[in-house]
Enquirer: 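Pasting in a structure now, in C-alpha coordinates, and then I'll have a few things to ask.
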There are 2 protein chains.
Amino acid sequence: MRAKILLVEDDASLIELVTYNLEKEGFDVVRTGDGEEALTLAEEEKPDLVILDWMIANLSGIEVCRRLRRSPATANLPIVMLTARGDEADRIRGLETGADDYMTKPFSPRELIARIRAVLRRLRPALQGGQLEFAGIAMDTTAHRVTRDGRTVQLGPTEFRLLRHFLEHPGRVFSREQLLDAVWGRDVYVEQRTVDVHIRRLRKAVNAGPAGEELPDFIRTVRSAGYSLDTSPEAQAA
Amino acid sequence: MRAKILLVEDDASLIELVTYNLEKEGFDVVRTGDGEEALTLAEEEKPDLVILDWMIANLSGIEVCRRLRRSPATANLPIVMLTARGDEADRIRGLETGADDYMTKPFSPRELIARIRAVLRRLRPALQGGQLEFAGIAMDTTAHRVTRDGRTVQLGPTEFRLLRHFLEHPGRVFSREQLLDAVWGRDVYVEQRTVDVHIRRLRKAVNAGPAGEELPDFIRTVRSAGYSLDTSPEAQAA
DNA sequence: CAATAGTGTCAAATATTCGTCATATGCCCC
DNA sequence: GGGGCATATGACGAATATTTGACACTATTG
(Lines give C-alpha, C1' and ligand atoms only; values in the text may rest on other atoms or scores of the structure.)
Protein backbone atom coordinates (compact mmCIF):
# COMPACT_ATOMS: atom_id res chain seq x y z
CA MET A 1 0.00 0.00 0.00
CA ARG A 2 1.33 3.44 -0.93
CA ALA A 3 1.48 5.99 1.85
CA LYS A 4 -0.17 9.34 1.24
CA ILE A 5 1.61 12.47 2.40
CA LEU A 6 0.11 15.90 2.89
CA LEU A 7 2.70 18.57 2.14
CA VAL A 8 1.89 21.95 3.67
CA GLU A 9 4.36 24.44 2.24
CA ASP A 10 4.21 27.70 0.33
CA ASP A 11 7.62 28.01 -1.21
CA ALA A 12 7.16 26.90 -4.83
CA SER A 13 10.68 25.63 -5.35
CA LEU A 14 10.58 23.63 -2.15
CA ILE A 15 7.23 22.14 -3.08
CA GLU A 16 8.70 20.96 -6.32
CA LEU A 17 11.84 19.57 -4.77
CA VAL A 18 10.06 17.69 -2.01
CA THR A 19 7.22 16.44 -4.19
CA TYR A 20 9.65 15.13 -6.74
CA ASN A 21 11.61 13.21 -4.14
CA LEU A 22 8.57 11.85 -2.34
CA GLU A 23 6.97 10.60 -5.52
CA LYS A 24 10.20 9.05 -6.64
CA GLU A 25 10.15 7.08 -3.39
CA GLY A 26 6.64 5.84 -3.99
CA PHE A 27 4.58 8.20 -1.87
CA ASP A 28 1.39 9.88 -3.01
CA VAL A 29 1.55 13.61 -2.39
CA VAL A 30 -1.26 16.07 -1.68
CA ARG A 31 -0.25 19.74 -1.46
CA THR A 32 -1.43 23.02 -0.06
CA GLY A 33 0.19 26.26 1.03
CA ASP A 34 -2.65 27.36 3.23
CA GLY A 35 -3.07 26.60 6.91
CA GLU A 36 -6.86 26.47 6.94
CA GLU A 37 -6.91 24.30 3.89
CA ALA A 38 -4.35 22.00 5.48
CA LEU A 39 -6.78 21.23 8.29
CA THR A 40 -9.53 20.43 5.82
CA LEU A 41 -7.29 18.25 3.70
CA ALA A 42 -5.99 16.42 6.73
CA GLU A 43 -9.55 15.34 7.49
CA GLU A 44 -10.71 14.67 3.99
CA GLU A 45 -7.72 13.10 2.34
CA LYS A 46 -6.77 11.02 5.35
CA PRO A 47 -3.04 11.26 4.70
CA ASP A 48 -0.65 8.91 6.48
CA LEU A 49 1.66 11.76 7.41
CA VAL A 50 1.86 15.55 7.24
CA ILE A 51 4.90 17.62 6.38
CA LEU A 52 4.26 21.01 7.87
CA ASP A 53 6.09 24.25 7.20
CA TRP A 54 6.12 26.80 9.97
CA MET A 55 5.59 29.85 7.78
CA ILE A 56 2.44 29.45 5.77
CA ALA A 57 -0.59 31.52 4.93
CA ASN A 58 -3.60 31.99 7.20
CA LEU A 59 -2.49 29.85 10.13
CA SER A 60 1.04 29.27 11.31
CA GLY A 61 2.38 25.75 11.09
CA ILE A 62 2.53 25.50 14.83
CA GLU A 63 -1.11 26.44 15.10
CA VAL A 64 -2.03 23.89 12.47
CA CYS A 65 -0.09 21.31 14.43
CA ARG A 66 -1.90 22.21 17.62
CA ARG A 67 -5.29 21.96 15.99
CA LEU A 68 -4.52 18.70 14.29
CA ARG A 69 -3.61 17.25 17.66
CA ARG A 70 -6.74 18.57 19.24
CA SER A 71 -9.16 17.08 16.74
CA PRO A 72 -9.88 13.42 17.45
CA ALA A 73 -9.86 12.61 13.76
CA THR A 74 -6.27 13.71 13.34
CA ALA A 75 -4.87 13.45 16.86
CA ASN A 76 -2.69 10.55 15.85
CA LEU A 77 -1.58 11.79 12.48
CA PRO A 78 2.22 11.82 12.28
CA ILE A 79 3.63 15.30 11.75
CA VAL A 80 7.08 16.29 10.53
CA MET A 81 7.75 20.01 10.90
CA LEU A 82 9.96 21.56 8.32
CA THR A 83 11.10 25.12 8.50
CA ALA A 84 13.65 27.84 8.17
CA ARG A 85 13.49 28.72 11.82
CA GLY A 86 16.48 26.92 13.20
CA ASP A 87 16.16 28.37 16.62
CA GLU A 88 16.47 25.82 19.39
CA ALA A 89 13.47 27.28 21.18
CA ASP A 90 11.35 26.87 18.06
CA ARG A 91 12.40 23.30 17.54
CA ILE A 92 11.51 22.45 21.09
CA ARG A 93 8.23 24.25 20.81
CA GLY A 94 7.42 22.32 17.65
CA LEU A 95 8.22 18.99 19.24
CA GLU A 96 6.29 19.81 22.39
CA THR A 97 3.27 20.84 20.43
CA GLY A 98 3.06 17.37 19.06
CA ALA A 99 5.32 17.13 16.05
CA ASP A 100 7.01 13.76 15.67
CA ASP A 101 10.12 15.15 14.06
CA TYR A 102 11.55 18.49 13.16
CA MET A 103 13.92 19.46 10.36
CA THR A 104 15.37 22.84 9.60
CA LYS A 105 16.04 24.27 6.17
CA PRO A 106 18.22 23.83 4.34
CA PHE A 107 17.74 20.10 4.54
CA SER A 108 18.64 17.08 2.52
CA PRO A 109 15.71 15.49 0.70
CA ARG A 110 17.18 12.07 1.35
CA GLU A 111 17.32 12.71 5.05
CA LEU A 112 13.75 13.94 4.98
CA ILE A 113 12.70 10.69 3.33
CA ALA A 114 14.67 8.67 5.85
CA ARG A 115 13.00 10.50 8.73
CA ILE A 116 9.57 10.06 7.19
CA ARG A 117 10.20 6.38 6.85
CA ALA A 118 11.39 6.19 10.45
CA VAL A 119 8.17 7.79 11.65
CA LEU A 120 5.95 5.65 9.44
CA ARG A 121 7.78 2.53 10.45
CA ARG A 122 6.52 3.19 13.96
CA LEU A 123 3.11 4.52 13.27
CA ARG A 124 1.90 2.47 10.40
CA PRO A 125 3.44 -0.93 10.76
CA ALA A 126 0.85 -1.95 8.24
CA LEU A 127 2.67 0.06 5.62
CA GLN A 128 5.83 -1.78 6.43
CA GLY A 129 5.56 -5.41 7.27
CA GLY A 130 3.43 -7.89 9.08
CA GLN A 131 0.93 -7.35 6.34
CA LEU A 132 0.38 -9.90 3.60
CA GLU A 133 -2.13 -9.48 0.84
CA PHE A 134 -3.30 -11.35 -2.20
CA ALA A 135 -6.40 -10.94 -4.35
CA GLY A 136 -8.59 -9.51 -1.64
CA ILE A 137 -7.23 -11.79 1.05
CA ALA A 138 -5.36 -9.81 3.70
CA MET A 139 -3.42 -11.18 6.64
CA ASP A 140 -2.06 -9.16 9.52
CA THR A 141 0.52 -11.42 11.09
CA THR A 142 1.02 -9.37 14.26
CA ALA A 143 -2.69 -9.10 14.95
CA HIS A 144 -3.25 -12.69 13.76
CA ARG A 145 -6.15 -11.57 11.66
CA VAL A 146 -7.33 -12.57 8.21
CA THR A 147 -9.91 -10.85 6.07
CA ARG A 148 -11.35 -11.45 2.64
CA ASP A 149 -12.80 -8.39 0.95
CA GLY A 150 -12.85 -6.74 4.33
CA ARG A 151 -14.77 -9.43 6.16
CA THR A 152 -13.04 -11.30 8.96
CA VAL A 153 -12.25 -14.93 8.28
CA GLN A 154 -12.07 -17.39 11.15
CA LEU A 155 -9.14 -19.83 10.93
CA GLY A 156 -7.65 -22.45 13.21
CA PRO A 157 -3.94 -22.18 14.03
CA THR A 158 -2.86 -24.69 11.41
CA GLU A 159 -4.94 -23.13 8.65
CA PHE A 160 -3.51 -19.77 9.64
CA ARG A 161 0.06 -20.99 9.26
CA LEU A 162 -0.81 -22.73 6.04
CA LEU A 163 -2.31 -19.60 4.54
CA ARG A 164 0.63 -17.54 5.69
CA HIS A 165 2.98 -19.91 3.97
CA PHE A 166 1.09 -19.56 0.72
CA LEU A 167 0.90 -15.79 1.00
CA GLU A 168 4.61 -15.62 1.62
CA HIS A 169 5.31 -17.59 -1.54
CA PRO A 170 2.60 -16.57 -3.98
CA GLY A 171 2.17 -18.81 -6.96
CA ARG A 172 4.70 -21.37 -5.99
CA VAL A 173 3.56 -24.98 -5.89
CA PHE A 174 4.28 -26.99 -2.76
CA SER A 175 4.11 -30.74 -2.44
CA ARG A 176 2.38 -32.20 0.58
CA GLU A 177 5.73 -33.12 1.96
CA GLN A 178 7.05 -29.59 1.64
CA LEU A 179 3.94 -28.22 3.28
CA LEU A 180 4.29 -30.62 6.17
CA ASP A 181 7.86 -29.51 6.65
CA ALA A 182 7.10 -25.84 6.43
CA VAL A 183 3.79 -25.63 8.24
CA TRP A 184 3.75 -28.53 10.66
CA GLY A 185 7.46 -28.74 11.36
CA ARG A 186 10.27 -30.90 10.16
CA ASP A 187 10.01 -33.61 12.75
CA VAL A 188 6.30 -34.15 13.00
CA TYR A 189 4.95 -37.42 11.75
CA VAL A 190 1.63 -36.86 10.06
CA GLU A 191 -0.08 -38.52 7.11
CA GLN A 192 0.41 -36.65 3.86
CA ARG A 193 -3.32 -36.83 3.20
CA THR A 194 -3.85 -34.69 6.26
CA VAL A 195 -2.68 -31.78 4.18
CA ASP A 196 -5.66 -32.25 1.89
CA VAL A 197 -8.00 -31.96 4.80
CA HIS A 198 -6.48 -28.73 5.98
CA ILE A 199 -6.49 -27.33 2.47
CA ARG A 200 -10.16 -28.12 2.43
CA ARG A 201 -10.75 -26.37 5.73
CA LEU A 202 -8.80 -23.38 4.57
CA ARG A 203 -10.76 -23.18 1.33
CA LYS A 204 -14.03 -23.56 3.11
CA ALA A 205 -13.28 -20.77 5.56
CA VAL A 206 -11.78 -18.29 3.13
CA ASN A 207 -14.10 -18.93 0.19
CA ALA A 208 -17.26 -18.54 2.23
CA GLY A 209 -19.21 -15.57 0.91
CA PRO A 210 -21.34 -13.17 2.94
CA ALA A 211 -24.63 -14.80 1.99
CA GLY A 212 -23.36 -18.25 2.78
CA GLU A 213 -22.23 -18.72 -0.77
CA GLU A 214 -19.02 -19.43 -2.60
CA LEU A 215 -16.32 -16.99 -3.62
CA PRO A 216 -13.80 -18.00 -6.28
CA ASP A 217 -11.23 -20.49 -5.05
CA PHE A 218 -7.81 -18.99 -4.40
CA ILE A 219 -5.93 -22.24 -4.04
CA ARG A 220 -4.93 -24.14 -7.11
CA THR A 221 -4.69 -27.90 -6.95
CA VAL A 222 -1.83 -29.16 -9.05
CA ARG A 223 -2.52 -32.77 -9.71
CA SER A 224 0.24 -35.11 -8.59
CA ALA A 225 2.33 -32.13 -7.46
CA GLY A 226 0.63 -30.26 -4.67
CA TYR A 227 -1.04 -26.91 -4.08
CA SER A 228 -0.34 -23.24 -4.67
CA LEU A 229 -1.93 -19.83 -4.44
CA ASP A 230 -3.78 -19.33 -7.70
CA THR A 231 -1.92 -16.50 -9.42
CA SER A 232 -3.53 -17.04 -12.79
CA PRO A 233 -4.97 -13.90 -14.43
CA GLU A 234 -8.53 -15.12 -14.02
CA ALA A 235 -8.08 -15.60 -10.29
CA GLN A 236 -6.41 -12.22 -9.93
CA ALA A 237 -9.26 -10.50 -11.68
CA ALA A 238 -11.81 -12.02 -9.36
CA MET B 1 5.61 5.68 35.98
CA ARG B 2 9.12 6.94 35.38
CA ALA B 3 10.64 6.04 32.06
CA LYS B 4 13.95 4.23 32.11
CA ILE B 5 16.57 5.28 29.59
CA LEU B 6 19.65 3.33 28.59
CA LEU B 7 22.47 5.70 27.73
CA VAL B 8 25.19 4.13 25.61
CA GLU B 9 28.04 6.61 25.43
CA ASP B 10 31.71 6.65 26.28
CA ASP B 11 32.56 10.32 26.56
CA ALA B 12 32.60 11.01 30.29
CA SER B 13 31.63 14.67 30.08
CA LEU B 14 28.73 13.88 27.79
CA ILE B 15 27.54 11.13 30.06
CA GLU B 16 27.45 13.56 32.89
CA LEU B 17 25.72 16.28 30.93
CA VAL B 18 23.05 14.01 29.51
CA THR B 19 22.49 12.06 32.70
CA TYR B 20 22.08 15.24 34.67
CA ASN B 21 19.50 16.59 32.27
CA LEU B 22 17.59 13.34 31.96
CA GLU B 23 17.37 12.86 35.70
CA LYS B 24 16.30 16.43 36.18
CA GLU B 25 13.41 15.66 33.82
CA GLY B 26 12.39 12.63 35.78
CA PHE B 27 13.94 9.80 33.81
CA ASP B 28 15.80 6.87 35.31
CA VAL B 29 19.15 6.43 33.61
CA VAL B 30 21.20 3.29 33.10
CA ARG B 31 24.64 3.77 31.54
CA THR B 32 27.30 1.89 29.67
CA GLY B 33 30.06 2.76 27.26
CA ASP B 34 30.38 -0.71 25.83
CA GLY B 35 28.50 -2.06 22.82
CA GLU B 36 28.29 -5.66 23.99
CA GLU B 37 27.16 -4.61 27.40
CA ALA B 38 24.56 -2.34 25.84
CA LEU B 39 22.91 -5.37 24.25
CA THR B 40 22.84 -7.22 27.55
CA LEU B 41 21.46 -4.25 29.43
CA ALA B 42 18.81 -3.66 26.80
CA GLU B 43 17.49 -7.16 27.49
CA GLU B 44 17.87 -7.20 31.22
CA GLU B 45 16.97 -3.70 32.25
CA LYS B 46 14.12 -3.38 29.81
CA PRO B 47 14.64 0.34 29.25
CA ASP B 48 11.90 2.35 27.61
CA LEU B 49 14.34 4.00 25.22
CA VAL B 50 18.00 3.80 24.22
CA ILE B 51 20.29 6.71 23.48
CA LEU B 52 23.05 5.31 21.35
CA ASP B 53 26.35 6.89 20.46
CA TRP B 54 27.92 5.85 17.20
CA MET B 55 31.47 5.63 18.47
CA ILE B 56 31.67 3.23 21.39
CA ALA B 57 33.84 0.34 22.49
CA ASN B 58 33.54 -3.23 21.17
CA LEU B 59 30.63 -2.75 18.79
CA SER B 60 29.78 0.35 16.83
CA GLY B 61 26.53 2.08 17.64
CA ILE B 62 25.13 1.20 14.27
CA GLU B 63 25.87 -2.46 14.85
CA VAL B 64 24.23 -2.33 18.26
CA CYS B 65 21.22 -0.73 16.62
CA ARG B 66 21.06 -3.45 14.01
CA ARG B 67 21.24 -6.22 16.60
CA LEU B 68 18.67 -4.63 18.85
CA ARG B 69 16.29 -4.55 15.93
CA ARG B 70 17.00 -8.12 15.03
CA SER B 71 16.30 -9.56 18.46
CA PRO B 72 12.60 -10.07 19.05
CA ALA B 73 12.92 -8.92 22.65
CA THR B 74 14.20 -5.49 21.66
CA ALA B 75 12.91 -5.10 18.13
CA ASN B 76 10.48 -2.43 19.25
CA LEU B 77 12.74 -0.55 21.59
CA PRO B 78 12.91 3.13 20.63
CA ILE B 79 16.40 4.25 19.67
CA VAL B 80 17.77 7.77 19.44
CA MET B 81 21.20 7.88 17.82
CA LEU B 82 23.49 10.57 19.07
CA THR B 83 26.85 11.22 17.55
CA ALA B 84 29.58 13.47 16.31
CA ARG B 85 29.27 12.13 12.80
CA GLY B 86 27.19 14.76 11.14
CA ASP B 87 27.54 13.33 7.71
CA GLU B 88 24.27 13.12 5.83
CA ALA B 89 25.06 9.60 4.70
CA ASP B 90 25.59 8.52 8.31
CA ARG B 91 22.37 10.07 9.47
CA ILE B 92 20.47 8.28 6.75
CA ARG B 93 22.20 5.03 7.50
CA GLY B 94 21.31 5.36 11.15
CA LEU B 95 17.67 6.05 10.42
CA GLU B 96 17.44 3.25 7.91
CA THR B 97 18.97 0.79 10.31
CA GLY B 98 16.07 1.38 12.60
CA ALA B 99 16.82 4.43 14.73
CA ASP B 100 13.77 6.52 15.54
CA ASP B 101 15.65 9.78 15.65
CA TYR B 102 19.13 11.04 15.08
CA MET B 103 20.96 13.97 16.60
CA THR B 104 24.44 15.22 15.91
CA LYS B 105 26.88 16.69 18.39
CA PRO B 106 27.05 19.33 19.51
CA PHE B 107 23.44 19.24 20.56
CA SER B 108 21.19 20.99 22.98
CA PRO B 109 20.19 18.89 25.97
CA ARG B 110 16.77 20.49 25.92
CA GLU B 111 16.25 19.48 22.32
CA LEU B 112 17.38 15.97 23.13
CA ILE B 113 14.80 15.81 25.89
CA ALA B 114 12.13 17.18 23.58
CA ARG B 115 12.94 14.57 20.96
CA ILE B 116 12.95 11.79 23.51
CA ARG B 117 9.56 12.90 24.71
CA ALA B 118 8.29 13.04 21.15
CA VAL B 119 9.38 9.45 20.56
CA LEU B 120 8.00 8.20 23.87
CA ARG B 121 4.74 10.02 23.35
CA ARG B 122 4.25 7.77 20.36
CA LEU B 123 5.63 4.55 21.66
CA ARG B 124 4.59 4.47 25.26
CA PRO B 125 1.66 6.81 25.59
CA ALA B 126 1.21 5.75 29.20
CA LEU B 127 4.61 7.11 30.19
CA GLN B 128 3.44 10.58 29.38
CA GLY B 129 0.78 10.27 31.97
CA GLY B 130 -1.89 10.51 29.43
CA GLN B 131 -5.17 9.10 28.55
CA LEU B 132 -5.50 5.78 26.82
CA GLU B 133 -8.76 4.92 25.18
CA PHE B 134 -10.24 2.11 23.18
CA ALA B 135 -13.83 1.27 22.31
CA GLY B 136 -15.36 2.91 25.33
CA ILE B 137 -12.64 1.78 27.70
CA ALA B 138 -10.67 4.73 29.04
CA MET B 139 -7.61 4.64 31.24
CA ASP B 140 -6.08 7.59 33.01
CA THR B 141 -2.58 6.37 33.67
CA THR B 142 -1.66 9.07 36.13
CA ALA B 143 -4.79 8.84 38.19
CA HIS B 144 -4.76 5.05 37.84
CA ARG B 145 -8.40 5.08 36.90
CA VAL B 146 -10.25 2.97 34.38
CA THR B 147 -13.76 3.51 33.12
CA ARG B 148 -15.97 1.73 30.65
CA ASP B 149 -18.69 3.82 29.07
CA GLY B 150 -18.15 6.31 31.84
CA ARG B 151 -18.58 3.89 34.75
CA THR B 152 -15.57 3.26 36.93
CA VAL B 153 -14.01 -0.18 36.75
CA GLN B 154 -12.22 -1.62 39.74
CA LEU B 155 -8.93 -3.34 38.88
CA GLY B 156 -6.07 -4.86 40.84
CA PRO B 157 -2.52 -3.69 40.09
CA THR B 158 -1.71 -6.60 37.82
CA GLU B 159 -4.91 -6.30 35.84
CA PHE B 160 -4.23 -2.60 35.50
CA ARG B 161 -0.78 -3.14 34.01
CA LEU B 162 -2.13 -5.88 31.80
CA LEU B 163 -4.86 -3.64 30.44
CA ARG B 164 -2.40 -0.81 29.96
CA HIS B 165 -0.15 -3.06 27.94
CA PHE B 166 -3.01 -4.01 25.68
CA LEU B 167 -4.11 -0.41 25.28
CA GLU B 168 -0.59 0.60 24.36
CA HIS B 169 -0.47 -2.00 21.61
CA PRO B 170 -3.99 -2.26 20.27
CA GLY B 171 -4.70 -5.27 18.14
CA ARG B 172 -1.38 -6.91 18.53
CA VAL B 173 -1.35 -10.50 19.76
CA PHE B 174 0.87 -11.33 22.71
CA SER B 175 1.85 -14.79 23.81
CA ARG B 176 1.63 -15.66 27.48
CA GLU B 177 5.37 -15.52 27.62
CA GLN B 178 5.49 -12.03 26.15
CA LEU B 179 2.84 -10.86 28.56
CA LEU B 180 4.75 -12.27 31.50
CA ASP B 181 7.83 -10.43 30.32
CA ALA B 182 6.05 -7.17 29.73
CA VAL B 183 3.59 -7.10 32.58
CA TRP B 184 5.17 -9.17 35.33
CA GLY B 185 8.82 -8.53 34.56
CA ARG B 186 11.52 -10.48 32.87
CA ASP B 187 12.92 -12.31 35.83
CA VAL B 188 9.76 -13.37 37.58
CA TYR B 189 9.05 -17.05 37.59
CA VAL B 190 5.35 -17.56 37.19
CA GLU B 191 3.32 -20.27 35.49
CA GLN B 192 2.17 -19.32 32.02
CA ARG B 193 -1.35 -20.39 32.90
CA THR B 194 -1.43 -17.64 35.47
CA VAL B 195 -1.84 -15.23 32.59
CA ASP B 196 -5.15 -16.89 31.75
CA VAL B 197 -6.40 -16.28 35.23
CA HIS B 198 -5.57 -12.60 35.10
CA ILE B 199 -7.10 -12.28 31.68
CA ARG B 200 -10.21 -13.75 33.20
CA ARG B 201 -10.17 -11.30 36.08
CA LEU B 202 -9.63 -8.43 33.69
CA ARG B 203 -12.48 -9.55 31.49
CA LYS B 204 -14.77 -10.05 34.40
CA ALA B 205 -14.11 -6.59 35.79
CA VAL B 206 -14.24 -4.66 32.54
CA ASN B 207 -17.08 -6.53 30.87
CA ALA B 208 -19.40 -6.20 33.82
CA GLY B 209 -22.42 -4.16 32.80
CA PRO B 210 -24.42 -1.77 34.95
CA ALA B 211 -27.24 -4.19 35.59
CA GLY B 212 -24.88 -6.95 36.57
CA GLU B 213 -24.80 -8.21 33.03
CA GLU B 214 -22.27 -8.75 30.27
CA LEU B 215 -20.83 -6.21 27.87
CA PRO B 216 -19.10 -7.41 24.69
CA ASP B 217 -15.69 -8.88 25.35
CA PHE B 218 -12.84 -6.60 24.35
CA ILE B 219 -10.09 -9.18 24.59
CA ARG B 220 -9.67 -11.64 21.80
CA THR B 221 -8.34 -15.09 22.55
CA VAL B 222 -6.09 -16.30 19.78
CA ARG B 223 -5.85 -20.00 20.23
CA SER B 224 -2.30 -21.31 20.39
CA ALA B 225 -0.96 -17.76 20.14
CA GLY B 226 -2.15 -15.61 23.01
CA TYR B 227 -4.42 -12.64 23.57
CA SER B 228 -5.01 -9.22 22.05
CA LEU B 229 -7.30 -6.24 22.23
CA ASP B 230 -10.09 -7.03 19.83
CA THR B 231 -9.75 -4.46 17.06
CA SER B 232 -11.97 -6.29 14.62
CA PRO B 233 -14.61 -4.14 12.91
CA GLU B 234 -17.36 -6.06 14.65
CA ALA B 235 -15.91 -5.34 18.07
CA GLN B 236 -15.35 -1.68 17.24
CA ALA B 237 -18.95 -1.27 16.24
CA ALA B 238 -20.17 -2.60 19.54
C1' DC C 1 -2.32 -6.86 64.37
C1' DA C 2 -6.63 -7.78 62.27
C1' DA C 3 -9.10 -7.16 58.12
C1' DT C 4 -9.11 -6.95 53.29
C1' DA C 5 -7.51 -7.09 48.79
C1' DG C 6 -4.60 -9.24 45.52
C1' DT C 7 -1.73 -13.34 43.70
C1' DG C 8 -0.38 -17.60 41.89
C1' DT C 9 -1.68 -22.70 41.33
C1' DC C 10 -4.46 -26.38 40.51
C1' DA C 11 -7.88 -29.27 38.61
C1' DA C 12 -12.31 -29.92 36.59
C1' DA C 13 -15.26 -28.36 32.96
C1' DT C 14 -15.53 -26.62 28.28
C1' DA C 15 -14.41 -25.54 23.81
C1' DT C 16 -11.77 -26.00 19.65
C1' DT C 17 -8.83 -28.09 16.63
C1' DC C 18 -6.43 -32.15 14.77
C1' DG C 19 -5.45 -36.27 12.34
C1' DT C 20 -7.39 -40.28 10.20
C1' DC C 21 -10.50 -42.96 7.75
C1' DA C 22 -13.98 -44.27 4.49
C1' DT C 23 -16.38 -42.83 0.62
C1' DA C 24 -17.46 -39.88 -3.20
C1' DT C 25 -15.91 -37.46 -7.12
C1' DG C 26 -12.93 -36.04 -10.76
C1' DC C 27 -9.22 -36.50 -14.15
C1' DC C 28 -6.11 -38.69 -17.52
C1' DC C 29 -4.82 -42.03 -20.66
C1' DC C 30 -5.51 -46.15 -23.13
C1' DG D 1 -15.97 -45.71 -21.90
C1' DG D 2 -13.42 -47.81 -18.31
C1' DG D 3 -9.72 -48.56 -15.41
C1' DG D 4 -6.50 -46.58 -12.21
C1' DC D 5 -5.10 -42.89 -9.47
C1' DA D 6 -5.47 -38.50 -7.10
C1' DT D 7 -8.13 -35.32 -4.77
C1' DA D 8 -12.42 -33.70 -2.17
C1' DT D 9 -15.45 -34.27 1.50
C1' DG D 10 -17.95 -35.46 5.76
C1' DA D 11 -17.70 -37.60 10.14
C1' DC D 12 -15.63 -38.70 14.53
C1' DG D 13 -12.86 -39.75 18.52
C1' DA D 14 -8.49 -38.13 20.31
C1' DA D 15 -5.63 -34.55 21.52
C1' DT D 16 -5.00 -29.68 22.86
C1' DA D 17 -6.03 -25.31 24.67
C1' DT D 18 -8.77 -22.28 27.26
C1' DT D 19 -12.12 -21.01 30.89
C1' DT D 20 -13.49 -21.01 35.34
C1' DG D 21 -14.12 -21.61 40.39
C1' DA D 22 -11.76 -22.65 44.58
C1' DC D 23 -8.10 -22.17 47.76
C1' DA D 24 -4.02 -21.19 50.24
C1' DC D 25 -0.78 -17.59 50.81
C1' DT D 26 1.13 -12.87 50.70
C1' DA D 27 0.91 -7.89 50.69
C1' DT D 28 -1.31 -3.77 52.14
C1' DT D 29 -3.97 -0.85 54.96
C1' DG D 30 -5.68 1.34 58.78
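Within every chain, numbering begins at 1; the chains are lettered A, B, ... in the order of the sequence lines, protein sequences first and strands thereafter.
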Enquirer: Taking DNA chain D as the partner, which of residues 191-200 of chain B come within under 4.0 angstrom of it by heavy atom?
Expert: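 Close to the strand are Arg193(B), Asp196(B), Arg200(B).
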
Enquirer: Please give, in whole Å, the distance from dT9(D) P to Ile219(A) CD1?
Expert: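 Atom-to-atom, Ile219(A) to dT9(D), this comes out as 11 Å.
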
Enquirer: With a 3.5 Å cut-off and no angle check, do the side chains of Glu43(A) and Ser71(A) form a donor-acceptor pair?
Expert: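 Yes.
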
Enquirer: Where do Val119(A) and Pro78(A) come nearest, in terms of heavy atoms and distance?
Expert: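 Scanning both residues, the minimum pair turns out to be CG1-CB, 3.6 Å.
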
Enquirer: Looking at Arg186(B) and Glu44(B), does any basic side-chain N land under 4.0 Å from a carboxylate oxygen?
Expert: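 Salt bridge: no.
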
Enquirer: Provide the closest heavy-atom pair for Ala208(A) versus Arg151(A) in the form atom of the first, atom of the second, distance.
Expert: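 For Ala208(A) and Arg151(A), the tightest heavy-atom pair comes out as O-NH2, 4.1 Å.
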
Enquirer: Would you classify Arg201(B) as touching base, sugar-phosphate or nothing, given that sugar-phosphate means primed atoms plus P, OP1 and OP2, and contacts are heavy atoms under 4.0 Å?
Expert: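 If one applies the 4.0 Å heavy-atom cut-off, Arg201(B) turns out to touch a base.
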
Enquirer: Quick one: Leu202(A) CG to dA8(D) C1', roughly how many Å, whole number?
Expert: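 Interatomic distance, CG of Leu202(A) to C1' of dA8(D): 14 Å.
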
Enquirer: Can you tell me how the ring of Phe160(B) sits relative to the ring of His144(B), calling it parallel under 30°, perpendicular over 60° and tilted otherwise?
Expert: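 Taking His144(B) first and then Phe160(B), their aromatic rings lie parallel (interplane angle under 30°).
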
Enquirer: Ignoring hydrogens and angles, state whether a donor on the side chain of Thr32(B) or Asp34(B) is under 3.5 Å from an acceptor on the partner side chain.
Expert: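 No, no side-chain donor-acceptor pair sits under 3.5 Å.
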
Enquirer: When you match Val190(B) and Gly156(A) each to their closest nucleotide on DNA chain C, which lands nearer the 5' end?
Expert: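 So the residue in question is Val190(B).
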
Enquirer: When you measure from the side chain of Glu159(A), which nucleotide among dG4(D), dC18(C), dT9(C) comes out closest?
Expert: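 Within the option list, the nearest is dC18(C).
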
Enquirer: Within less than 4.0 Å of OP1 or OP2 of dA8(D), is there a side-chain N or O belonging to Arg203(A)?
Expert: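 Yes.
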
Enquirer: Which residue lies toward the 5' end of DNA chain D, Thr221(A) or Val222(B), if each is placed at its nearest nucleotide?
Expert: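 Of the two residues, Thr221(A) wins.
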
Enquirer: Under 3.5 Å, is there an N or O donor on one side and an acceptor on the other linking the side chain of Arg223(A) and the base of dC5(D)?
Expert: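 In this structure, the two groups form a donor-acceptor pair.
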
Enquirer: Compute the ring centroids of His165(B) and Trp184(B), then answer whether they are less than 6.0 Å apart.
Expert: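 Ring centres of Trp184(B) and His165(B) not closer than 6.0 Å.
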
Enquirer: What is the distance, rounded to the nearest whole Å, between atom CG of Asn207(A) and atom C1' of dT9(D)?
Expert: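 One finds 15 Å between C1' of dT9(D) and CG of Asn207(A), rounded.
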
Enquirer: Given atom CD of Gln154(A) and atom C1' of dA15(C), what is their separation to the nearest angstrom?
Expert: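 For the pair Gln154(A) CD and dA15(C) C1', the rounded distance is 13 Å.
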
Enquirer: Between residues 160-187 of chain A and DNA chain C, which residues have a heavy-atom gap below 4.0 Å?
Expert: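 Trp184(A), in order of number.
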
Enquirer: Given dT17(C), is OP1 or OP2 found less than 4.0 Å from the side-chain N or O atoms of Thr158(A)?
Expert: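 Looking at the OP1 and OP2 atoms of dT17(C), neither is under 4.0 Å from any side-chain N or O of Thr158(A).
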
Enquirer: Among dA17(D), dT9(C), dT19(D), which is the nearest nucleotide to the side chain of Tyr227(B)?
Expert: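 Shortest atom-to-atom distance from the side chain points to dT19(D).
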
Enquirer: Starting from P on dG6(C), measure out to NE2 on His144(B) and report it in whole angstrom.
Expert: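 After rounding, the gap between these two atoms is 13 Å.
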
Enquirer: Do any N or O atoms from the side chain of Arg203(B) and from the backbone of Ile219(B) form a donor-acceptor pair under 3.5 angstrom?
Expert: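 Flag set: sc Arg203(B) to bb Ile219(B) pair under 3.5 Å.
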
Enquirer: Can a side-chain donor-acceptor contact be found between Ser60(B) and Arg66(B) if the only test is distance below 3.5 angstrom?
Expert: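 There is no such pair between these side chains.
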
